[in-house]
Each structure stands twice: as structure tokens, then as C-alpha cells.
Amino acid sequence: MKTLKQQDKPRYALLICDMLNDFVREGAALEVPKARTIIGTIKKELKTARKSRIPVIYCCDAHKNNDKEFTLWPKHAAKGTEGAQIIKQLQPHKQDYVVHKTSYSCFYKTSLDRILKKLGITQLIMSGVVTNICILYTTADAYMRGYEIVIPENCVAALTQREHQFALEQMKRVFHANIISVS
């Protein structure tokens, strides 16, 4: 049986959201140019997480060819395509988890919550794209499920600086996310 002290110790997981070819590559279907600027800091977070034995979970769009999201956004990250692949700079290791999603939130109709509960996770470190879409909605769902959220602001990116700042402020004020800067 765990002691109270062991139960109260925070247990982290690093989430890497949508760092896929269709978001990161220049000229990609749904290119987020700033995504290329966060690769280095995410790599550092990955190295730290693996060294500290913090679970790493990749949450990746994997849309069907006729996904209704394509009425709003260009066709992107279609399941089985090169565009839906994780960029080579951030490739998962065999001990990492990969969760496929079809919505903005990494929790919606995925196995993410089940994985987190199985691992005893209490705090999520959020990284990836897009700050005001998938990061924001995943943070909202995480907060509603009782997780604490840490967001290294230079590990997330949006299509515009205004949208990025708005989302960070919302996550801080509404969902009590701890916004930090890492170097």
C-alpha cells in the first residue's frame, strides 16, 4: 500500500501534440511556420523526460479521408499518409505512447485518459501545435478531468502570435495552467 507521501507526489507526462509533417514542413497542408522554431526546445524536453523516466505521449491527428474537419481546414494528417507521420526530429522511442485523434482535444474518443490513469499521472506537460486549438482544447479537457497543466511557452506554437498569446492567457486564467519558459 502506498503511503500518503507517495500518493501526493506529482507524476508527470510529456504530451507532444501534432508535431506532424502536415503541420511542420514548409509548404505543408496546414503549415504552422512557428512549429519549426519549437522543435529544439521540445527535443530538450524529450531528453529531460526520458532521462527522468517521465512518460512521453504523442497525440497525433489521424483523419479519415472524408473527415468533416476538412470543410473548415485544408485536408491534413489523413491516416496512413506521410503528412500524418511524426516529424523525424522528434521520432518516438519504443517505450513512448502514440495516441491517434480525430478532434482538437487529445482526450476526445481516444485512449489518452485511460493511459494517464494507468500510469498514475497527475500533471501534464503540454507541447506542440496549435496553441489556440489542440493545445487549448486538450488543456480544457485535462483540467476538467483533474490534471494539473504545465505549458512551456516556447514548446507550443500557433498560426499567429496574437492567437498564441490569447490561448496562453486563457489557459493560465481559466484552467490554472502553469506557463513557464524553458531554454
Side-chain angles (χ1 to χ4, degrees), residues 12-26 28-50 54-63 69 73 76-77 79 81-93 96-108 110-113 115-116 121 123-143 147-161 163-172 175 177-183:
Y12 292 90
L14 173 63
L15 266 62
I16 300 174
C17 186
D18 288 332
M19 290 301 285
L20 309 174
N21 291 325
D22 270 353
F23 290 98
V24 180
R25 281 187 180 164
E26 193 169 342
L30 200 51
E31 178 189 3
V32 180
K34 290 273 187 190
R36 292 185 290 279
T37 69
I38 64 173
I39 295 169
T41 50
I42 293 175
K43 281 176 85 168
K44 288 178 187 176
E45 288 297 301
L46 255 175
K47 184 177 180 180
T48 300
R50 289 181 175 137
I54 291 172
V56 176
I57 304 170
Y58 292 80
C59 297
C60 307
D61 268 4
H63 296 289
E69 192 172 298
W73 302 104
H76 64 281
K79 196 172 189 170
T81 65
E82 187 178 337
Q85 300 300 311
I86 297 165
I87 61 170
K88 64 182 170 194
Q89 300 96 315
L90 300 175
Q91 284 297 299
H93 288 183
D96 297 335
Y97 298 84
V98 177
V99 173
H100 293 104
K101 64 186 186 68
T102 59
S103 182
Y104 299 155
S105 173
C106 296
F107 286 94
Y108 183 74
T110 72
S111 59
L112 180 59
D113 199 40
I115 292 167
L116 295 172
I121 301 302
Q123 299 200 13
L124 303 178
I125 303 165
M126 300 292 299
S127 67
V129 295
V130 173
T131 313
N132 61 307
I133 304 172
C134 296
I135 301 298
L136 175 62
Y137 290 98
T138 299
T139 295
D141 276 353
Y143 176 80
Y147 297 101
E148 292 182 30
I149 300 104
V150 177
I151 303 172
E153 65 181 325
N154 48 352
C155 286
V156 293
L159 289 164
T160 70
Q161 186 61 26
E163 291 168 327
H164 176 75
Q165 286 305 131
F166 168 80
L168 288 175
E169 187 62 31
Q170 284 292 107
M171 291 183 285
K172 181 179 179 180
F175 305 118
N178 183 15
I179 311 297
I180 62 170
S181 185
V182 294
S183 52

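Atom CD1 in I125 sits 12.0 Å away from atom CD1 in I149 (nearest 0.5 Å). Rounded to the nearest 0.5 Å, atoms CG (L15) and CZ (F107) are 7.0 Å apart. Between the CG atom of L159 and the CZ atom of F23 there is a distance of 9.0 Å, given to the nearest 0.5 Å. Taking CG of N132 as the start and CE of M171 as the end, the distance is 8.5 Å to the nearest 0.5 Å. Residue K101 holds its NZ atom at 5.0 Å from SG of C106, rounded to the nearest 0.5 Å. Between the CZ atom of R36 and the CE atom of M19 there is a distance of 10.0 Å, given to the nearest 0.5 Å.
Residues D18 and V130 fail the side-chain proximity criterion, which asks for heavy atoms closer than 4.5 Å. Side-chain contact between S127 and I38 is absent, with no heavy-atom pair separated by less than 4.5 Å. Taking the side chain as every heavy atom from C-beta outward, P152 and T41 never approach each other to under 4.5 Å. Side-chain atoms of Y104 and E69, non-hydrogen and from C-beta on, do get closer than 4.5 Å to each other. Looking only at side-chain heavy atoms (C-beta outward), M126 and T139 come within less than 4.5 Å of each other. The shortest side-chain heavy-atom distance between N21 and T81 does not fall under the 4.5 Å cut-off. For the pair C60 and I86, the minimum side-chain heavy-atom distance is below 4.5 Å. Side-chain atoms of I151 and N178, non-hydrogen and from C-beta on, never get closer than 4.5 Å to each other.
Nearest heavy atoms, Y12 versus P55: O-CD, 3.2 Å. Annotation for A77 and D22: closest pair N-OD2, 2.7 Å, computed over non-hydrogen atoms. When every heavy atom of Q91 is checked against every heavy atom of R50, the shortest pair comes out as O-NH2, 3.7 Å. Here the shortest heavy-atom pairing between L20 and I87 reads C-CG2, 3.8 Å. Minimum heavy-atom separation, C155 to I42: O-CD1, 3.6 Å. Heavy-atom minimum distance, A13 versus L116: CB-CD2, 4.0 Å.
Not one N or O on the side chain of T102 forms a donor-acceptor pair closer than 3.5 Å with the backbone of H63. Without hydrogens or angle criteria, N154 side chain to V182 main chain gives a donor-acceptor distance under 3.5 Å. A donor-acceptor pair under 3.5 Å links the side-chain atoms of Y58 to the main chain of L90, judged by distance alone.
Of the candidates I16, D96, V98, L112, L112 is the only one forming a side chain to side chain contact (heavy atoms under 4.5 Å, CB included) with I57.
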Please step through side chain to side chain contact (heavy atoms under 4.5 Å, CB included) for the pair E26 and E31, ending with a clear verdict. CA-CA 6 Å; E26 193 169 342; E31 178 189 3; 4.0 Å; yes

side-chain hydrogen bond (donor to acceptor under 3.5 Å, both in side chains) assessment of Q161 paired with Q165: CA-CA 6 Å; Q161 186 61 26; Q165 286 305 131; 3.1 Å; yes

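Classification of K34 and E163 as a salt-bridged pair fails, no side-chain N sitting under 4.0 Å from a carboxylate O.
By the 6.0 Å contact criterion, CZ on F175 is enclosed, its count of non-hydrogen atoms from other residues, nucleotides or ligands being greater than 12.
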